[in-house]
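To start, the structure under review is shown below, and the notes come after it.
Chain A is the first sequence line, chain B the second, and so forth, proteins listed ahead of strands; every chain is numbered from 1. Values below: all heavy atoms of this structure, side chains included; hydrogens, waters and symmetry mates excluded. If you're wondering where the values come from, they're calculated on a predicted model, not measured in any experiment.
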2 protein chains.
Amino acid sequence: MLATLRQHGIQPTPQRLAVAKVVLGRDRHPSAEEVWAKVRRRCPTVSRATVYNTLNLFVDKGLLTMQVLREGTAVFDAEVRPHHHFIDERTGRIYDVPWDALQVQGQESLNHYDVRELQVVLRGRRRKE
Amino acid sequence: MLATLRQHGIQPTPQRLAVAKVVLGRDRHPSAEEVWAKVRRRCPTVSRATVYNTLNLFVDKGLLTMQVLREGTAVFDAEVRPHHHFIDERTGRIYDVPWDALQVQGQESLNHYDVRELQVVLRGRRRKE
DNA sequence: TCCTGTCTTAGACTTATTCTAAATTACATG
DNA sequence: CATGTAATTTAGAATAAGTCTAAGACAGGA
Ligand SMILES: [Mn+2]
Ligand SMILES: [Mn+2]
Ligand SMILES: [Zn+2]
Ligand SMILES: [Zn+2]
């Protein structure tokens, strides 16, 4: 964890390590406020600004992506490789769908657009089990 | 326009007609605040709450969809049939991509998910011309 | 130790959106 | 028409996500 931060050119501080522990290597998609709540359980003195700053720093350094998938609040994603998302419309929970699970065809017909990145956003209900 | 509202079970009022004129039948994806700004040019007395209420009413009645594509603010879409979106990363502008322009394959592999709805979200730069 | 740059903090601020309570308008009925 | 009731609109307060500010804490180098 500490090594990961160093490798990405991030000075490891106790606050940053606490945030890293909560988001990196997980397959959740928490909002900044959710991260702050979890971090505070362990380190109750960490400020909101530090959590926001740290998450944005992690995005800039390529440790996280920020996704606009939920109304009203951005979420952070520790899976930085391209992939798709399924959103459960009952719970609001966001699930990763592996890149290779879906194929998108027809891009060559979009002459007017220089597509740099894409994802499929699926909504519905997760089957129990 | 007036007929459209009636057909969807919406009491036409001057305020609702003003909002309808600004959003329905257009291929823009304005935020509520942008709609309010445009409506006020013609009817400066219309309140913010009425614009938000009207947009939400139009969504409930199926005249609009609300899309979560932009950080910090929802946008409204007069194209209610399924389609995809291209977002210009320089300007932030959102363009409609027709449903038939792209094919998404592999859905049958997603056994754990009951997919009710999907769209492809593309990001990049629109080619000049 | 002192200097300087980096981090963190509390709280103020901004922006999008919803809520509230009161006023207006529309509608139906006698 | 008169009047009661429901629907609509309004201004402004309230809420929530996110950023900014200014001051203090901390770390590394001279
Ligand atoms: Mn950023
Ligand atoms: Mn709604
Ligand atoms: Zn993801
Ligand atoms: Zn659209």
NE2 (A/H112) with more than 12 external heavy atoms under 6.0 Å: no
Sugar-phosphate, base or nothing in reach of B/S31, heavy atoms under 4.0 Å: nothing
Sugar-phosphate, base or nothing in reach of B/T50, heavy atoms under 4.0 Å: base
Closest-nucleotide 5' rank along DNA chain D - winner of A/A32 and B/S47: B/S47
Which nucleotide in C/dT18, C/dT9, D/dT10 has an atom nearest any side-chain atom of B/A49: D/dT10
Candidate pair B/W36 and B/Y52, rule side chain to side chain contact (heavy atoms under 4.5 Å, CB included), full reasoning: CA-CA 8 Å; B/W36 188 36; B/Y52 277 89; over 6 Å; no
Comparing B/T45 and B/E71 on DNA chain D - which has the more 5′ nearest nucleotide: B/T45
Sugar-phosphate, base or nothing in reach of B/T73, heavy atoms under 4.0 Å: sugar-phosphate
Atom-to-atom span, CZ of A/F76 to P of D/dA17 - whole angstrom: 13 Å
Phosphate OP1/OP2 of C/dT18 contacted by B/Y52 side-chain N/O (<4.0 Å): no
Atom-to-atom span, CG of A/L17 to C1' of C/dC7 - whole angstrom: 14 Å
Whole angstrom value for the distance that separates P of C/dT17 from CZ of B/R70: 11 Å
Sugar-phosphate only, base, or nothing, as touched by B/E33 at under 4.0 Å among non-hydrogen atoms: base
d(CG, A/L55; P, D/dA17) in whole Å: 14 Å
Matching residue for A/E89 among A/R123, A/R70, A/R125 - test: salt bridge (Lys or Arg N to Asp or Glu O under 4.0 Å): A/R125
Passing option when A/H85 is tested against A/V75, A/L122, A/V120, A/D77 for side-chain contact (heavy atoms from CB on, under 4.5 Å): A/D77
Neighbour count >12 (heavy atoms, 6.0 Å) for atom CZ, A/R28: no
Separation of atom CG in B/D60 from atom P in D/dA7, rounded to whole Å: 16 Å
Short side-chain N/O contact from B/N56 to OP1 or OP2 of C/dT18, under 4.0 Å: yes
Side-chain N or O of A/Q11 closer than 4.0 Å to phosphate OP1/OP2 of D/dC26: no
Integer-rounded Å distance: D/dA14 P and B/R48 CZ: 15 Å
N or O in side chain of B/R16 less than 4.0 angstrom from D/dT9 OP1/OP2: yes
Presence of B/T13 side-chain N/O under 4.0 Å of D/dT9 phosphate oxygens OP1/OP2: yes
Interatomic distance, B/W36 CH2 vs D/dT10 P [rounded to whole Å]: 10 Å
Nucleotide D/dT9, atom P - distance to CD of B/Q15 in whole Å: 5 Å
